[in-house]
Every structure is written in C-alpha cells, then in structure tokens.
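What you see is a predicted model, and the numbers here were worked out from it, not measured in a lab. No hydrogens, no waters, no symmetry mates; every other heavy atom, side chains included, goes into these values.
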Amino acid sequence: MNGTTLQKTAADRAEALPGSDLEHPFGPDWEVYKVRGKVFMLMTEVPGRPVMILKSDPGEAQALREENADITPGYHMNKKHWITLEGGEAIDEELVQELVTESYRLVVGQLPKSQQPVDPHTYGRPA
C-alpha cells in the first residue's frame, strides 16, 4: 500500500468511528483525529512521505516495530505509546483499519465512562 492510500484508508476508518472529529490545530499539513477532545490519530507528511501516527499498547507497539520496517516509533510523540506507519508492502487495508480502531479504543478507554461513545472492551472486536 502506498502512502496516499494508507492515509485515505486510515481517514475513512477514523471518520466512521463514533464521536470522531477531524481538526487541524497544527495547520493545514496536519490532520488530527480526536474522540471527545483526545487525539487518537495524526496524519501528515514527513520529508515528503505520507505517514499516520497512532496510539498503541507499548508491548504491541514494540512487536509491530520489530516485525515491520514500515512501522517506527511515534513521530513527535511518546515513542513507547505511539507508532508511525508509512506505506509499504507489508501494510495492507486490514492492518491499517485494525490499528486505527485499536488506537481509538485505547483513547476511549481512558475517558470517563460517561463520555465513552462505545464500550472500548468490545467495540470493533470479532464476536
């Protein structure tokens, strides 16, 4: 998957998530997706390469980085809790959608229960 398709796939998934909002707080070159005011995905270009930055469980983030050269520590974010994806052969639509949904769930899980638009323990998981 190339970088442009990566960002389009991620944006489509993010926009479908309950309570998701798109903002541009850092200017037009940064697309920031939030749920209830908390960031779960950022998209921009890093020296001409389209990338997306997602929250990830630290253990999962480490495993993803070890398995895939196109997944690196979060650009301008906490390197333990965030990952950066760029286009590459091992990046496919299913992985992108799964990682966007997981980032969203992690952020929703940190919200007060009264503000959670979905149950973060069950939303988007196979039955």
State the [atom1]-[atom2] distance between [X] and [Y], to the nearest 0.5 angstrom.
{"X": "Thr4", "Y": "Arg49", "atom1": "OG1", "atom2": "CZ", "result": "13.0 Å"}
{"X": "Ile53", "Y": "Met43", "atom1": "CD1", "atom2": "CE", "result": "10.0 Å"}
{"X": "Gln97", "Y": "Leu17", "atom1": "CD", "atom2": "CG", "result": "10.0 Å"}
{"X": "Lys55", "Y": "Glu102", "atom1": "NZ", "atom2": "CD", "result": "11.0 Å"}
{"X": "Ile91", "Y": "Thr5", "atom1": "CD1", "atom2": "OG1", "result": "12.5 Å"}
{"X": "Glu98", "Y": "Leu54", "atom1": "CD", "atom2": "CG", "result": "11.5 Å"}

Answer yes or no: is there a side-chain heavy-atom contact under 4.5 Å between [X] and [Y]?
{"X": "Leu42", "Y": "Tyr75", "answer": "no"}
{"X": "Thr101", "Y": "Arg13", "answer": "yes"}
{"X": "Val51", "Y": "Leu85", "answer": "no"}
{"X": "Val35", "Y": "Asp21", "answer": "no"}
{"X": "His81", "Y": "Ser56", "answer": "no"}
{"X": "Met52", "Y": "Val100", "answer": "yes"}

Main-chain N/O of [Y] paired to [X] side chain as donor or acceptor, under 3.5 Å:
{"X": "Thr84", "Y": "Pro73", "value": "yes"}
{"X": "Ser103", "Y": "Leu99", "value": "no"}
{"X": "Glu86", "Y": "Asp70", "value": "no"}
{"X": "Gln116", "Y": "Leu111", "value": "yes"}
{"X": "Gln7", "Y": "Thr44", "value": "yes"}
{"X": "Glu45", "Y": "Asp29", "value": "no"}
{"X": "Arg36", "Y": "Gln115", "value": "yes"}

[X] with [Y], same ILVMFWY side-chain cluster at under 4.5 Å:
{"X": "Val107", "Y": "Leu64", "value": "yes"}
{"X": "Val46", "Y": "Leu6", "value": "no"}
{"X": "Val96", "Y": "Val32", "value": "no"}
{"X": "Tyr123", "Y": "Val108", "value": "yes"}
{"X": "Tyr33", "Y": "Ile83", "value": "yes"}

- [ ] Quick one: sort the Phe40 and Tyr104 rings into parallel, tilted or perpendicular, breaks at 30° and 60°.
- [x]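 The rings of Phe40 and Tyr104 stand perpendicular, inter-plane angle above 60°.
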Between the side chains of Thr72 and Arg65, does any donor sit under 3.5 Å from an acceptor?
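Distance-only check fails for Thr72 and Arg65.
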(Q) Using a 6.0 Å cut-off, check whether atom NZ of Lys79 has over 12 heavy atoms from anything other than its own residue. (A)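 Enclosed: over 12 neighbouring heavy atoms sit under 6.0 Å from NZ of Lys79.
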Using every non-hydrogen atom in the two residues, find where [X] and [Y] come nearest and quote the distance to one decimal.
{"X": "Pro18", "Y": "Pro117", "value": "O-CG, 3.6 Å"}
{"X": "Gly48", "Y": "Pro50", "value": "O-CD, 3.7 Å"}
{"X": "Gly109", "Y": "Pro120", "value": "CA-CG, 3.6 Å"}

With side chain to side chain contact (heavy atoms under 4.5 Å, CB included) as the test, would you mind laying out the steps for Thr9 and Met1 before giving the verdict? CA-CA 10 Å; Thr9 301; Met1 173 179 290; 3.9 Å; yes
Check the pair His24 / Glu31 against side chain to side chain contact (heavy atoms under 4.5 Å, CB included), numbers first and verdict last. CA-CA 5 Å; His24 295 89; Glu31 292 187 355; 3.6 Å; yes
